[in-house]
Amino acid sequence: MDVIKSVQTYITKMFGEVNGMKVLLLDADTTPIISMVMTQSQLLSREVYLIDRADNKQREKLRHLKCICFLRPTGESIQALVEELREPCYGDYYLYFSNTLKKSALERLAEVDEQEVVREVQEHYADFLAVNPDLFSLSLAAPADPIFSENSATWDTRTLTRTAEGVLAALLALKKKPLVRYEKTSVLGKKLAAEIVYQIQQEGPLFDFRRTDTPPILLVMDRRNDPVTPLLNQWTYQAMVHELIGIQNARVDLSVVPDVRPELKEVVLSIDTDPFYKKNMFLNLGDLGMNIKTYVSEYQSKHRSTQSIESIADMKKFVEDYPEFRKLSGNVTKHVTLVGELSRLVGKQGLMEIGELEQGLAVAENHAADLKLLRQMIERTNIPEDSKVRLVLLYALRYERSQSNSIGALKELLLRSGVSEKKVGLVDLLLQYAGADQRVEDIFSNQDVFSRTKKVFEGLKGVENVYTQHTPRLVQVLQEMMKGKLKDQLYPFVEGGTRDKPQDIIVFMVGGATYAEAREVSKLNASTPGVRIILGGTTIHNSASFLREMSDSVARWTGKSSDTRSPLPERLRTVRT
Amino acid sequence: MATRSRTLLFLQYRNSFARVGGPRQPRPPGIDTSERAGLIANDINQNAETVVEMSVLPPKWVDIVDEVSSAFAYLPGHLTELEGIHKKHLLPGFDDHLAEEQVIERLTDSITSMFRDCERKIKRVHSETRSASGTKQSQILSKNIQVSLATKLQDLSNIFRKSQSSYLNKLRGRETRSKDMFALEGGQVESPEDEALDAVFTDAQLQLVQNNERAITEREKEINEIVKSLLGVADIFKELQTMVIDQGTVLDRIDYNIEQTNVHMEEAHKELVQGSKYQSKAMGKYCIILLCVFVFLCLLVLIFKKK
């Protein structure tokens with residue numbers, strides 16, 4: 001159960017079957033898929049000497065090359081391929097599709113292949129972005145790929161198809177035929193789960209894997225049941241980089257960082273090629289700082305040894321270590337720059353204090369103190385607007401049901417401190433999107449007596465770190481599931497059912513997963529032998545992308561999707577009057 | 001990692017289409033066509049396939065690539081062979097190692113020259129396409145091939161250098177050990193109190209000392225040879241470094257490279273548009289200037305006429 005390895009195996013298999021000089025044609029969907037798990041030099045070492053887009057019209061004829069096409073069977077890709085086969089540029093064609101290919105499309109390709117250049121047609125189900133060994137994403141985010149159409153109970157058809165295909169591909173890549181469960185309150189989750197089950201039945205022979213003792217479980221969850229996790233500031237490396245700078249397909253754009261060196265304008269954070277990142281991606285900022293210090297001093301000692309080249313022996317040693325040294329030097333600068341930027345942002349935006357309050361809001365019930373602190377935060381000037389809004393959002397989520405809440409007053413306060421109306425409007429949008437009415441169970445454990453007392457006892461145990469008190473709701477669900485205690489009423493099966501403790505769990509988060517959850521999943525994987533969990537999401541959110549998606553979705557529900565900017569202030573005015 | 005092959009289905013579809021296809025199909029099954037066909041394809045039955053056959057000839061540098069690849073196939077064998085002899089040579093023994101030393105020398109020389117040869121050829125790959133009217137895509141292609149070959153060569157040279165230097169170290173170790181021994185003896189010889197002992201040395205013992213000294217100088221020579229080959233390879237390494245891409249950087253990302261090509265293409269397009277704009281503007285300016293000159297001439301004519 002390692003999604004990165006699966007995709008890599010698929011790709012190496014493609015190149016392994018063809019000898020000689022090769023050209024690789026990709027489309028818009030497969031380019032990121034392959035880029036996430038392979039590097040250019042890895043491809044070069046497999047004799048793939050030319051990589052291009054299939055829809056690039058300006059390719060020239062190189063008949064001595066063999067062509068490998070790795071495409072997603074979308075309309076555009078098939079069309080591009082049809083045009084290519086009509087006038088083939090290369091000698092032989094080996095077609096690989098990232099998902100099931102419709103017979104009609106196959107027929108169309110066969111029809112245009114008059115010169116009989118196609119040697120192989122195969123389906124390799126690498127149709128998702130493998131981010132971590134236990135995390136995959138489909139990279140579907142609003143506004144380009146909205147989840148909802150006109151109301152909160154209907155999927156956007158295109159996105160639904162793509163999501164179902166992505167999840168099915170992941171299941172095929174992992175060779176699992178799961179029982180599907182979903183969250184009862186989530187209409188979207190139910191629909192997706194039903195679609196997946198239907199497709200599995202349709203493609204019967206494909207899913208004919210060796211039976212396991214306990215059937216694997218696919219759990220479809222909904223982001224709307226846990227809106228808190230993506231709103232919190234994160235303190236572990238991977239999550240923090242995504243929250244503060246942003247990771248896009250394992251690439252981090254650092255061009256906004258002041259005084260950055262030109263070769264570090266954009267860096268790659270890949271688990272495969274970067275051992276330091278692999279080791280430290282889940283550590284919090286403090287531990288990370290320690291590790292980076294030892295990393296730098298290791299580099300320093302190497303650097304010093306290279307400086308004193310006096311004898312031939314020194315020279316020889318230097319040349320011998322040179323490639324290693326170069327690699328190390330590049331990596332050290334990259335991580336030092338990244339961590340430097342993170343700590344600069346933490347200092348500049350006062351993230352320590354914000355983080356403390358955020359965690360307080362997310363974890364404990366303490367209305368008077370929270371409110372007082374929150375008011376102070378809003379009045380301060382060195383805190384960025386977005387953080388203020390996020391704090392109020394968290395407050396609103398926690399105290400939405402409490403009689404004495406002062407959400408209205410806080411909104412007033414935000415407006416007075418110069419926050420734009422649009423941003424203040426997010427508060428109401430969020431409550432509409434993921435308020436208490438929408439959620440399956442109380443994430444704050446403040447609604448009944450039992451959970452309250454449980455909370456109190458948990459509080460007595462003490463916390464190791466103020467900034468990482470909050471654990472995502474996913475953890476609780478997974479733990480219950482591993483014990484076989486997840487309630488069937490709340491998490492029904494689409495078909496069948498089992499009371500066994502599952503071994504292989506695949507969780508798919510409709511509306512996007514977060515790196516914080518990925519970290520928890522990988523922690524669970526490491527701490528519980530015999531259980532393997534994979535997390536997937538329509539996308540991977542940080543707070544900014546989550547809020548963007550949320551406001552886009554709500555705008556769609558209210559039927560103003562054509563102009564996403566106008567509804568917010570309007571809505572706000574009605575609230576204020 | 002389930003996969004599914006649709007090749008059979010595809011072939012089935014393709015064959016069914018071919019039957020329907022009729023005259024356009026590449027291989028007509030009838031006999032009469034084979035009777036009519038000339039030895040050299042003429043205009044009438046020059047179908048798509050013959051065209052394909054004509055254009056399939058690969059560019060010249062492909063041969064170079066093949067040569068380098070075959071050299072790569074030999075090199076690892078040579079390297080392991082060398083390592084084996086190194087190990088044998090380092091074993092303590094009483095017999096003469098002269099023959100082995102010669103073999104080692106020969107192997108090292110041949111490997112080093114192979115490396116140099118490969119390096120020269122790799123360099124030629126790209127320059128050849130550039131001279132041979134290479135279009136943009138084939139340039140990228142040859143560049144990529146160059147990078148990949150250079151990377152492979154570097155890996156191999158790395159192994160070679162590692163084995164050479166470990167061998168060197170072991171030789172050095174032996175040398176210093178024997179030096180210590182002889183230093184002790186030498187000290188004894190030179191100390192004035194033991195001058196009397198000098199006479200005690202038999203001829204045989206003196207002979208032994210001399211022999212040892214000769215062995216040392218020989219070893220010294222050997223070491224210098226190795227260092228020379230090491231430095232040679234290091235030179236190659238440094239030159240290759242400019243060609244190899246650093247792994248793990250953005251330059252090594254597949255999507256980045258594709259985007260870069262697109263960006264270049266777009267920029268080229270923009271520049272073309274700009275260029276054509278300039279050109280059209282220049283035309284306009286020419287017209288204006290011409291008209292101005294014409295008007296001026298007319299004025300002159302007018303003035304002269306009035307006079």
Side-chain angles (χ1 to χ4, degrees), chain A residues 6 9-10 13 26 31-32 34-35 38-41 43-45 47 49-53 58-64 91 101 106-107 109-111 113-116 118 120-125 172-173 175 206 209 249 251 266-268 270 273-274 312 316 319-320 322-323 326-327 330-331, chain B residues 1-7 9-11 13-14 16-17 21 24-26 48-49 52 55-59 62 65 135 137-138 140-141 144-145 147-148 151-152 154 158 161-162 165 168 227 230-231 234 237-238 241 244-258 261-262 265:
Chain A
S6 323
T9 324
Y10 273 138
K13 230 189 214 166
L26 300 167
T31 311
I34 204 168
S35 306
M38 282 260 170
T39 60
Q40 181 106 352
S41 38
L43 287 189
L44 288 181
S45 74
E47 296 185 286
Y49 293 133
L50 194 61
I51 304 160
D52 211 330
R53 290 279 290 267
Q58 284 152 325
R59 280 178 288 115
E60 56 193 271
K61 282 208 159 72
L62 299 162
R63 300 295 301 225
H64 54 283
L101 184 67
L106 195 67
E107 216 166 334
L109 290 175
E111 191 183 351
D113 183 25
E114 282 180 354
Q115 306 192 9
E116 304 198 350
V118 177
E120 196 81 48
V121 184
Q122 284 196 24
E123 289 168 1
H124 279 199
Y125 305 99
L172 283 168
K175 284 199 164 181
L206 254 188
F209 304 126
N249 293 347
R251 285 158 68 174
E266 191 170 19
V267 298
V268 176
S270 146
T273 52
D274 187 345
I312 289 182
K316 179 197 75 195
V319 177
E320 204 170 288
Y322 189 53
R326 257 184 80 98
K327 220 172 170 181
N331 220 9
Chain B
M1 280 143 280
T3 59
R4 180 163 65 175
S5 173
R6 305 313 287 271
T7 316
L9 191 62
F10 181 82
L11 289 180
Y13 282 145
R14 191 166 72 185
S16 73
F17 275 114
R24 277 210 308 173
Q25 84 190 68
E49 205 171 32
V52 172
S55 61
V56 102
L57 205 68
V62 174
V65 176
T135 37
Q137 282 233 310
S138 53
I140 296 175
L141 181 70
N144 277 336
I145 289 178
V147 168
S148 134
T151 317
K152 258 186 216 158
Q154 234 184 26
N158 227 349
R161 275 180 309 124
K162 284 245 165 85
S165 65
L168 189 67
V227 167
L230 265 178
L231 286 180
F237 187 82
K238 263 187 206 146
Q241 192 63 47
V244 175
I245 25 174
D246 292 330
Q247 301 217 355
T249 56
V250 135
L251 297 179
D252 204 11
R253 287 276 296 202
I254 298 160
D255 49 1
Y256 175 81
N257 281 305
I258 292 180
T261 356
N262 282 350
M265 218 95 90

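Chain A is the first sequence line, chain B the second, and so forth, proteins listed ahead of strands; every chain is numbered from 1. Not measured: the values here are computed from a predicted model.
Of the atoms belonging to Ile258(B), it is side-chain heavy atoms, and not backbone ones, that fall under 4.5 Å from chain A. Interface residue Asp113(A): backbone and side-chain heavy atoms are both found under 4.5 Å from chain B. Proximity to chain B is limited to the side chain of Leu62(A), based on heavy atoms less than 4.5 angstrom apart. Contact of Leu109(A) with chain B is made through backbone and side chain together, with heavy-atom distances under 4.5 Å. Within the 4.5 angstrom heavy-atom criterion, no atom of Asn331(A) approaches chain B. For Tyr10(A), the part lying near chain B is the side chain, with the backbone staying farther off; criterion is any non-hydrogen pair under 4.5 Å.
The candidate with the highest count of non-hydrogen atom pairs below 4.5 Å against chain A, out of Leu9(B), Ile254(B), Leu11(B), is Ile254(B). Top candidate by heavy-atom pairs under 4.5 Å with chain B, chosen from Leu101(A), Val118(A), Val267(A), Asp274(A), is Val118(A). When each of Leu206(A), Leu43(A), Asp52(A), Leu26(A) is checked for heavy-atom pairs under 4.5 Å with chain B, Leu206(A) comes out on top. With chain B as partner, the option from Ile34(A), Leu106(A), Leu172(A), Ile51(A) having the largest number of non-hydrogen pairs under 4.5 angstrom is Leu106(A). Top candidate by heavy-atom pairs under 4.5 Å with chain B, chosen from Glu120(A), Arg251(A), Lys175(A), is Arg251(A).
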Stepwise side-chain hydrogen bond (donor to acceptor under 3.5 Å, both in side chains) check, Thr273(A) with Ser270(A): CA-CA 6 Å; Thr273(A) 52; Ser270(A) 146; 3.2 Å; yes

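A donor and an acceptor atom, one from each side chain of Thr3(B) and Gln122(A), are nowhere located under 3.5 Å apart. Checked by atom type, the side-chain pair Thr9(A)/Ser6(A) shows no donor-acceptor distance below 3.5 Å. Side-chain contact of Glu123(A) with Tyr125(A): a donor-acceptor pair under 3.5 Å is present, judged by distance alone. With hydrogens and angles left out, the side-chain atoms of Asp255(B) and Thr31(A) include no donor and acceptor closer than 3.5 Å. The closest side-chain donor-acceptor pair between Asp252(B) and Gln40(A), if any, does not fall under 3.5 angstrom.
The distance from the CZ atom of Arg14(B) to the CD atom of Glu107(A) is 14.0 Å, given to the nearest 0.5 Å.
A donor-acceptor pair is defined here as one N or O able to donate and one able to accept, closer than 3.5 Å; no such pair exists between the side chain of Ser148(B) and the backbone of Ser45(A).
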